Amino acid sequence: MGLKLALVQCNPLVGDVENNARLVIERATYAREELGAQLVVLPELVLTGYPPEDLLLRASLLERVEAALAMVAAETPGVALVVGAPYRDAQGLRNGAHFIQYGAVQARYAKCRLPNYNVFDEKRYFVEGTQPCVVTVDGVRVGVLICEDLWFPEPAQSACAAGADLLVGLNASPFRLGQDAAREAVLSQRARENGVAVVYVNQVGGQDELLFDGASMVLNPAGEVICRLPSFAERTALCDPWGGACERAALPDPDEACYEALVLGVRDYVRKNGFPGVVVGLSGGIDSALTLVLAVDALGADSVMAVMMPSRYTADMSREDARRECERLGVEVHELSIEPPFNAFLESLAPLFGDAPRDTTEENIQARCRGVMLMALSNKTGRMVLTTGNKSEMAVGYATLYGDMAGGFAPLKDVPKTLVYRLAHWRNSRAQAIPERVLTRPPSAELAPDQKDSDSLPSYEVLDPILERFVERDWSVAQIVADGYPREVVERVASLVLRNEYKRRQAPPGVRISGRAFGKDRRYPITSGYGRSLS
């Protein structure tokens, strides 16, 4: 038994049905003519992109999908395809896979297991399927499954009971750290318990907060990986599930995977939304330094505008380090002092402020002066502002609305501060970009004399593990205290997280890399009495 099967790991754009169809045709034609493929398998909902969300509620989208399927079938007569696209039948809307052969759609499969957790809400849109789908390609009986179907034994068993010699799964599986081992373990189990090869084809690319990492693979009936495509890159490759030479890309280590995910997320968000480039406000600190190098790696130095906006509290070394990084990366840096607008605000507000002592109000005014300048440059140039805040700060509200939170995309939104440092070290180990002093000096917002983050927050080595337990694992205060953390610190951190939901609702989107990001993953009420009793 043998089958020349092409895995198409591609990067569709949500809602761009016609261009997605052309992408399918292009890859299928290449697979047939250049690779000699007999069967081409593409990702879940490739014609609409994933996730299409409430676009699925528009009848016009489904009309465009049906026209696109007809176009794909007409222009790929010499090869069999399995293409992901929604369709409607008598029971309702389906998350579907379409088997195309001899210039027509020959069979359709409806996804049986619809995920409705974390970032997934497929039950909002789709009706579950109940029947297996087994099609024949050059004598090989192929069972078709979609994503979550592979995580449960029953859909695979049903396909094999219907005669499948091989299982192919169409996927749009979002990236998160540590996901590789879990995926491989589940796929290996499906292969071994059914005694068949399993083909897993995953989407790649960024879609708003979600990032799809590809890493498509084929496992033999013994559950061994015999083919793996690269992570974070588009690729069309041939594999015979029963033998022959196949590509076997290595999986990146966790820090490399995280960094590459952020780069791809920035690149796709900027380019898919049509921005000519980005603006990055530099402070001389670690967060803006990492954001700058991510932007350059994603878009190229010519597409990045760097702006330093010093105040009376900005240290000379902050200005020096920001300039040094820009020189290393080949980015032009501009310097605009915020002193004139800051003084103008203080003068205007003086009649109402009176003799009230200075506090965080004046600190926030400085941050908002910077936000106004960055957004003005964005408006004038058409470039998007990248926000530089990290997950630790967003969790506890250590950020200024309409100030350092201003922008269109937040690359570090799901990156804790301790991971920010790890990623900076990882990037510097490839090529020195971030000045060493940025990595070693105490972090500071520089909005008051001799200010340090530790004046307002626990050390990040203490804060980040508490946040990971409270935000990502939903542990109680009592559980975290029992795990060895001081009660007064845990209670304060938990209170800050709950109290600052209103800020996070107004933050820009950012790349999701964890198992629980702020955004679609975590839906908490703004108005709530829950925080009054945290024990």
Side-chain angles (χ1 to χ4, degrees), residues 1-12 23-44 46 76 78-84 137-138 140 142 144-145 147 150 165-175 179-188 190-192 196-206 211-254 256-261 263-264 267-268:
M1 187 180 295
L3 181 68
K4 292 182 178 179
L5 186 148
L7 291 71
V8 177
Q9 183 171 287
C10 58
N11 187 351
L23 174 64
V24 169
I25 293 166
E26 173 191 306
R27 297 303 172 86
T29 302
Y30 169 80
R32 180 191 69 224
E33 296 181 355
E34 302 297 326
L35 303 179
Q38 297 163 284
L39 174 64
V40 179
V41 183
L42 296 110
E44 178 180 11
V46 66
T76 58
V79 67
L81 288 81
V82 183
V83 179
V137 181
D138 291 347
V140 177
V142 179
V144 179
L145 301 170
C147 205
L150 284 166
D165 305 311
L166 167 72
L167 298 176
V168 299
L170 287 64
N171 296 267
S173 180
F175 170 78
Q179 179 82 332
D180 295 321
R183 283 179 187 158
E184 189 172 319
V186 169
L187 296 173
S188 178
R190 292 293 88 80
R192 287 183 283 107
V196 297
V198 173
V199 178
Y200 165 92
V201 179
N202 192 25
Q203 180 176 317
V204 69
L211 191 286
F212 302 91
D213 57 320
S216 303
M217 66 186 103
V218 178
L219 297 89
N220 66 18
E224 302 163 331
V225 176
I226 61 171
C227 174
R228 181 183 284 113
L229 303 193
S231 301
F232 312 113
E234 294 188 83
R235 185 64 60 91
T236 300
L238 195 67
C239 182
D240 183 339
W242 292 279
C246 296
E247 180 172 3
R248 292 194 65 178
L251 289 170
D253 65 49
E256 179 183 5
C258 183
Y259 189 87
E260 293 301 328
V263 167
L264 181 55
R267 180 185 300 130
D268 274 5

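Every heavy atom of this structure was used, including side-chain atoms; hydrogens, water molecules and symmetry mates were not. As the structure is a prediction and not an experimental result, all values here were calculated from the model.
Proximity of Glu26 to Thr29: side-chain heavy atoms (C-beta onward) are nowhere separated by under 4.5 Å. Looking at heavy atoms from C-beta onward, Val168 lies in side-chain contact with Leu5 at the 4.5 angstrom threshold. Side-chain atoms of Val41 and Val142, non-hydrogen and from C-beta on, never get closer than 4.5 Å to each other. Put simply, the side chain of Asp268 reaches to within 4.5 Å of the side chain of Asn11, judged on heavy atoms. Annotation: side chain of Asp180 is in contact with side chain of Leu251 (closest heavy-atom distance under 4.5 Å). Taking 4.5 Å as the limit, every side-chain heavy atom of Asn220 sits out of range of all side-chain heavy atoms of Val225. Contact annotation: the side chain of Leu187 approaches that of Leu150 to within less than 4.5 Å [non-hydrogen atoms, C-beta and beyond].
Here the closest heavy-atom approach between residue Asp213 and residue Pro174 is recorded as OD1-C, 4.4 Å. Across all their heavy atoms, Phe232 and Ala257 have their closest contact at CZ-O, 3.3 Å. Here the closest heavy-atom approach between residue Ala31 and residue Val40 is recorded as CB-CG2, 3.8 Å. Of all heavy-atom pairs between Gly223 and Ser188, the closest is O-OG, 3.0 Å. Heavy-atom minimum distance, Arg248 versus Cys227: CG-CA, 4.1 Å. Across all non-hydrogen atoms, the minimal contact from Leu170 to Leu42 is CG-O, 3.0 Å.
Distance check: Asp253 CG to Tyr259 OH gives 13.5 Å after rounding to the nearest 0.5 Å. To the nearest 0.5 Å, atom CG of residue Leu81 and atom CG of residue Leu39 are 7.5 Å apart. Atoms CG and CD, from Leu211 and Gln203 in turn, are 10.0 Å apart once rounded to the nearest 0.5 Å. Annotation: the span from Leu7 atom CG to Arg27 atom CZ amounts to 12.5 Å, rounded to 0.5 Å. Atom CD of residue Gln9 and atom OG1 of residue Thr236 lie 9.0 Å apart, to the nearest 0.5 angstrom. Taking CD from Glu224 and CG from Leu219, the interatomic distance works out to 9.0 Å, rounded to the nearest 0.5 Å.
With sequence neighbours left out, Leu238 forms a side-chain contact (heavy atoms from CB on, under 4.5 Å) with Lys4, Ala6, Leu35, Ala37. Under the rule for a ring pair (Phe, Tyr, Trp, His ring centres under 6.0 Å), Phe212 has no partner lying at least two apart in sequence or in another chain.
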Legend entry - Worked verdict on Trp242 versus Val140 for side chain to side chain contact (heavy atoms under 4.5 Å, CB included): CA-CA 12 Å; Trp242 292 279; Val140 177; 3.7 Å; yes

Legend entry - Candidate pair Tyr30 and Val8, rule side chain to side chain contact (heavy atoms under 4.5 Å, CB included), full reasoning: CA-CA 10 Å; Tyr30 169 80; Val8 177; over 6 Å; no

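The backbone N or O of Cys10 lies less than 3.5 Å from no partner atom in the side chain of Glu234, so there is not a single donor-acceptor pair. Of the possible donor and acceptor atoms, none in the side chain of Asn202 sits under 3.5 Å from a partner among the backbone N and O of Tyr200. In terms of modelled atom types and a separation under 3.5 Å, the side chain of Ser216 and the main chain of Val201 share no donor-acceptor contact. With hydrogens and angles disregarded, no donor-acceptor distance shorter than 3.5 Å links the side chain of Arg235 to the backbone of Leu229.
Under the 4.0 Å criterion applied to side-chain N and carboxylate O atoms, Glu184 and Arg228 are assigned as salt-bridge partners.
A donor and an acceptor atom, one from each side chain of Arg183 and Ser173, are located under 3.5 Å apart. For the residue pair Gln38 and Asp138, a side-chain donor N or O sits within less than 3.5 Å of a side-chain acceptor on the partner.
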